[in-house]
Amino acid sequence: MTDKLNLVEIVSKHVLLQQSRKALKGRCPFHKDETTSLMVIPASNVFKCFGCGVEGGPIEFLMHLEGKSRNEIVGKLAQKSFPKEKMAY
């Protein structure tokens with residue numbers, strides 16, 4: 001599932017990202033960030049904050065952002081991807 005999630009798309013909904021060599025950088029939403037310590041690496045679909053140390057992929061970003069467990073985030077993403085359809089009888 002995580003290979004289908006675009007981390008840049010997810011992060012850019014919450015953080016203004018700027019191009020920086022092979023990565024994108026922005027202010028980390030997980031701590032008071034006066035600099036651009038959050039790095040997003042599109043080629044690897046991973047992020048790391050050099051200020052607070054939080055790192056991971058799309059699911060980990062959403063876990064930290066929303067304060068939810070992995071199961072809650074995966075369940076939420078699954079509901080978006082596979083909404084319940086009404087059965088026609």
Side-chain angles (χ1 to χ4, degrees):
M1 175 189 271
T2 58
D3 58 332
K4 302 226 187 275
L5 298 173
N6 184 327
L7 181 62
V8 173
E9 191 176 298
I10 293 169
V11 174
S12 62
K13 290 180 183 177
H14 307 281
V15 177
L16 177 62
L17 294 173
Q18 303 167 349
Q19 187 66 44
S20 172
R21 298 181 109 188
K22 294 181 181 179
L24 299 169
K25 62 182 180 177
R27 290 187 175 179
C28 180
F30 310 127
H31 72 281
K32 187 174 181 182
D33 194 359
E34 298 298 325
T35 63
T36 53
S37 59
L38 180 73
M39 294 293 179
V40 178
I41 305 163
S44 305
N45 211 33
V46 296
F47 75 94
K48 177 167 177 76
C49 176
F50 291 94
C52 66
V54 175
E55 62 185 333
I59 292 177
E60 290 78 16
F61 184 84
L62 292 170
M63 285 171 57
H64 286 284
L65 188 70
E66 298 181 18
K68 295 184 177 179
S69 71
R70 176 176 296 280
N71 287 342
E72 289 172 310
I73 294 297
V74 170
K76 183 177 175 181
L77 292 170
Q79 284 179 344
K80 285 183 181 179
S81 298
F82 306 104
K84 293 181 181 179
E85 296 178 18
K86 294 184 179 181
M87 300 290 284
Y89 292 99

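Here Leu77 contributes atom CG and Lys4 contributes atom NZ; the two are 13.5 Å apart, rounded to the nearest 0.5 Å. Distance check: Leu38 CG to Gln18 CD gives 11.5 Å after rounding to the nearest 0.5 Å. Note that OG1 of Thr36 and CG of Leu16 are 10.0 Å apart. Values are rounded to the nearest 0.5 Å.
The main-chain N or O of Gly57 is found under 3.5 Å from a side-chain atom of Glu60 such that the two form a donor-acceptor pair. Looking only at distances, no side-chain donor or acceptor of Glu72 sits under 3.5 Å from a matching main-chain atom of Val74.
Residue Phe61 comes nearest to His14 through the heavy atom pair CE2-CD2, 4.1 Å, listed as atom of the first residue, atom of the second, then distance. For the pair Ile10 and Leu5, the tightest heavy-atom approach, listed with the atom from each and the gap, is CD1-CB, 4.3 Å. Smallest separation of non-hydrogen atoms from Ala23 and Gln19: O-NE2, 3.5 Å. Closest approach of Lys22 and Ile41 over heavy atoms only: O-CG2, 4.3 Å. Val40 and Leu17 get closest at one heavy-atom pair: CG2-CD2, 4.2 Å. In plain terms, the two heavy atoms of Asn6 and Val8 that are nearest each other are OD1-N, 3.0 Å.
The hydrophobic cluster containing Phe47 also contains Leu65, counting ILVMFWY residues as joined when their side-chain heavy atoms lie under 4.5 angstrom apart, directly or transitively. Hydrophobic clustering (ILVMFWY, side-chain heavy atoms < 4.5 Å, transitive): Val54 and Val11 are in one cluster.
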Would you be so kind as to tabulate the donor-acceptor pairs closer than 3.5 Å made by side chains of residues 26-34, with sequence neighbours excluded?
{"unit_1": "Asp33", "atom_1": "OD1", "unit_2": "Thr35", "atom_2": "N", "d": "3.1"}
{"unit_1": "Asp33", "atom_1": "OD1", "unit_2": "Thr35", "atom_2": "OG1", "d": "3.2"}
{"unit_1": "Asp33", "atom_1": "OD1", "unit_2": "Ser37", "atom_2": "OG", "d": "3.3"}
{"unit_1": "Asp33", "atom_1": "OD2", "unit_2": "Cys28", "atom_2": "N", "d": "2.7"}
{"unit_1": "Asp33", "atom_1": "OD2", "unit_2": "Ser37", "atom_2": "N", "d": "3.3"}
{"unit_1": "Asp33", "atom_1": "OD2", "unit_2": "Ser37", "atom_2": "OG", "d": "2.7"}

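With sequence neighbours excluded, no residue forms a salt bridge (charged side-chain N to carboxylate O under 4.0 Å, His left out) with Lys25.
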